[in-house]
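Structure first, then comments.
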Amino acid sequence: MKLLLSSVFKPYGVDDEFGRKENIMELFHNQVTREQGIFSFRYHHKSFNLYLLAENVSIPSTVLDFPSIKRFIREIKKGYDFVGISFIAPNYIKAKKMCELIRQYSPRTKIILGGHGTQIPELEKIIDCDHIVKGEGISGLKKILGEPEDAPVKHVVLTSADNKRIMGIPVSETAGVLLPGVGCPNGCRFCCTTHMFNFKYTPFFKDALEMFNVMRKIENELGCSDFFVMDENFLKSKDRAIELLNLMKIHKKNYYFGVFSSAETINEIGVKFLFEIGIRFIWIGVESKEYCYTKNKNIDMKKLFTELRSHGISILASTILFQEHHDKKTIWEDVDYTLDLRPDFVQFMQLGPLPQTQLYLDYKEKGLLREDIPYEEWHGQHQLWFKHPNFTSEESEIFLRDAFLKDYRELGPSILRMAETYIQGYFYTQKYQNDPWLKMRNDQLKESCIRYYPLLSVLKTFMPNAKTRNITEQVIRSYEKAFGPKTIKQNILTLGAYLCAIKEYLKINITGDIRQPKTFFTKFNKPEFKLFPAVLKGKLLPDLSLNLLEIKQNYALSGNNIYLELHGILDSINVNNLQHRLAGLFNKEKKANIVLDIININRIDDNSLYKLLEHLKDFQFRTKLCYCAKIENISQMVEEIKLNFDTKLECLKENLIPESNTAR
């Protein structure tokens, strides 16, 4: 059996029969920095779930991430036993089209659907598929494949983002992605994650030590010490976090992290602990000033945000617009409340009753869902798909855009705010100089500041107004106070940043800012190299048959060597396949010699034997050739071999076992 796992096909972020222009395949540029022009964070994130699934099944598996529709068709024509497609509700038309293509080009393939899109009611009646997997996915996929469902989860090694650019400048730092578990028990009525995983958290690591060992593996393979943690509330398990910090100190691993967290969890564990363990970025659900969710009760958000930034921790504040209590006045009160917290990033999302959430069920019962708005519009960045008493769908698009613009024009671009957070943190955390570990964290902040310093004057040039230019000047003065004037090297970097920013500005304004991720093709659980038995195809004959070369291993004669019998016809086509297989075998079996018995070869065409030995010249001292006189022109071939190679030769009578099978 073999398995293909695929994301939905590109292009993304365009208006066509399959999707909408607002549904961009860039998390930050779609939902966070979308109105910040050249300052927007342009990152592509792989479909992490597909790689994790492939890592945790035993059959040969392939991940095809961000394919074009033509690339997807080319792949499914290979005849996979199973094809899994992961999708979200706005991409359901694409998933449906892909299933139709599978039925057309590979009708025997079983189709598996997964991801948040599987929450769509009566999906099996809308899309022709064989299986629907909900929840964490790994056990569900294993059940379909007939594999044990209770095996420990194996982590996958992946970068957290690719094709990273800010102001057109490539971001070279590599970060790994860490997947400690799925789900969230907080139970927010709008949250699709809570409902997808049945109001519970499913850990993938049994303890902090297992997690730490995975981090070391990622560090060794990617050469990184930075991790983005894909976990709804990573720090909620306080004991695990404390043990992880202890392991880092014991092994002197100064890792640092970007995480999601609720305000209540931060309050409980403490901001100083976050600084100590290495949290550099934190995503917090603020949601609303008036409607207080359990996770935010009795939390002084302003005080919390100030303390986080004073420790050099960048904050992304997520706020929901068009909630039930919002009208054209109170919605701006929530926007202003969020901006007053002075986060580094802001995510404004429309309230969205996604399938099977409590919000969806409530609105469906009340008849508030807009049946005239298709799933393609259910992405939270365009128009509402429910009836709001105070906003039309068209108005919601305008208010959302204006909220992002207000954030940008009042606080400046997120990259400026990050630079400000780092310099604030550098100054404030110098008070921890007596603690070697905390001093190391302060030194890391200093390194980050030095990287940002050359960009600041470029930021000032492209600021949207006088207010944000003044903020930039204040930040520049803080950097000059800490590090003095820029060095010659930093001035050169500033010049390079100017050129990149100008190029990015022209690109956005002339050709547009939609960027498609590249296609990733990754194989997992490749079958082990198997040479025996094998039948290799050769030249096409006039009667449309093929020359065939059969390889068999004679175990009775192998001894300490590998004794191979070749049967049939050796020609210029199958000899290429044969030499690759033999070279692979030599490299795999480092100490073994190989005996090639060609007694049963009927014909050798096109000087193929000589070509074979030429390709294997690096292994000639480990090769022995057994032949017999009946092969046409063998005497001439043997003479050429003796002149050009050190391969041992032995002439045998037909069907006679050689006296010795040891290669020289």
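Judged purely by distance below 3.5 Å, without hydrogens or angles, the side chains of Ser106 and Lys78 never pair a donor atom with an acceptor atom. If you check the side chains of His379 and Asn30, you find no donor sitting under 3.5 Å from an acceptor. A side-chain N or O of Glu377 and one of His382 form a donor-acceptor pair less than 3.5 Å apart. Defined by atom type and a distance below 3.5 Å, a donor-acceptor pair is missing between the side-chain atoms of Thr202 and Glu136. Using modelled atom types, one finds a donor on one side chain and an acceptor on the other under 3.5 Å when comparing Ser318 with Gln347.
Here the side chains of Gln350 and Leu321 are not in contact, with every heavy-atom distance at 4.5 Å or above. Contact annotation: the side chain of Pro517 never approaches that of Asn163 to less than 4.5 Å [non-hydrogen atoms, C-beta and beyond]. Inter-residue side-chain proximity for Phe524 and Tyr51 is flagged as met; some heavy-atom pair is nearer than 4.5 Å. Leu53 has its side chain out of reach of Val57: every pair of non-hydrogen atoms, C-beta onward, lies at least 4.5 Å apart. Trp437 has its side chain within reach of Leu245: a pair of non-hydrogen atoms, C-beta onward, lies under 4.5 Å apart. In this structure, the side chains of Lys97 and Ile69 come closer than 4.5 Å at one or more pairs of heavy atoms. With contacts defined as side-chain heavy-atom distances shorter than 4.5 Å, the pair Tyr80/Ile102 does not qualify. Leu178 places a side-chain heavy atom less than 4.5 Å from the side chain of Met211.
Ion pairing between Asp344 and Arg309 holds under the 4.0 Å rule for side-chain N and carboxylate O. Ion pairing between Glu75 and Arg71 holds under the 4.0 Å rule for side-chain N and carboxylate O. The pair Arg515-Glu504 meets the salt-bridge criterion, with a side-chain N (NZ, NE, NH1 or NH2) lying under 4.0 Å from an Asp/Glu carboxylate O. A salt bridge links Glu219 with Lys253: the distance from a Lys NZ or Arg NE/NH1/NH2 to an Asp or Glu carboxylate oxygen falls below 4.0 Å. Under a 4.0 Å N-O distance rule, the pair Arg34/Glu26 does not qualify as a salt bridge. A salt bridge is defined here as a Lys NZ or Arg NE, NH1 or NH2 lying under 4.0 Å from an Asp or Glu carboxylate O, and Asp407 with Arg417 meets this definition.
Phe228 and Phe260 have their aromatic ring centers within a separation under 6.0 angstrom.
In the displayed structure, Lys154 atom NZ is contacted under 6.0 Å by more than 12 heavy atoms of other residues, nucleotides or ligands. Counted within 6.0 Å of NZ on Lys200, heavy atoms from surrounding residues, nucleotides or ligands total 12 or fewer; the atom is thus considered open.
Nearest heavy-atom pair, Ile313 versus Phe281, reported as atom, atom and distance to 0.1 Å: CG2-N, 4.3 Å.
Among Arg451, Lys164, Arg280, the one residue that satisfies the salt bridge (Lys or Arg N to Asp or Glu O under 4.0 Å) test with Glu173 is Arg451.
Here the side chain of Gln36 pairs a donor or acceptor atom with the backbone of Ser414 at under 3.5 angstrom.
Remark: Lys94 qualifies as a cation-pi partner of Phe9 under the 6.0 Å distance and 45° angle criteria applied to the six-membered ring.
Note: Tyr43 and Phe28 have perpendicular aromatic rings, judged against thresholds of 30 and 60 degrees for the angle between ring planes.
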* Check the pair Glu264 / Lys236 against salt bridge (charged side-chain N to carboxylate O under 4.0 Å, His left out), numbers first and verdict last. => CA-CA 9 Å; Glu264 62 170 353; Lys236 200 169 184 69; 3.2 Å; yes
* Leu400 and Gln381: CA distance, side-chain angles, deciding distance, side-chain contact (heavy atoms from CB on, under 4.5 Å) verdict -> CA-CA 8 Å; Leu400 181 65; Gln381 291 297 313; 3.9 Å; yes
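Applying the ring-ring contact (aromatic ring centres under 6.0 Å, His included) criterion to Phe234, with sequence neighbours excluded, gives no partner residue. Applying the salt bridge (Lys or Arg N to Asp or Glu O under 4.0 Å) criterion to Glu122, with sequence neighbours excluded, gives Lys125.
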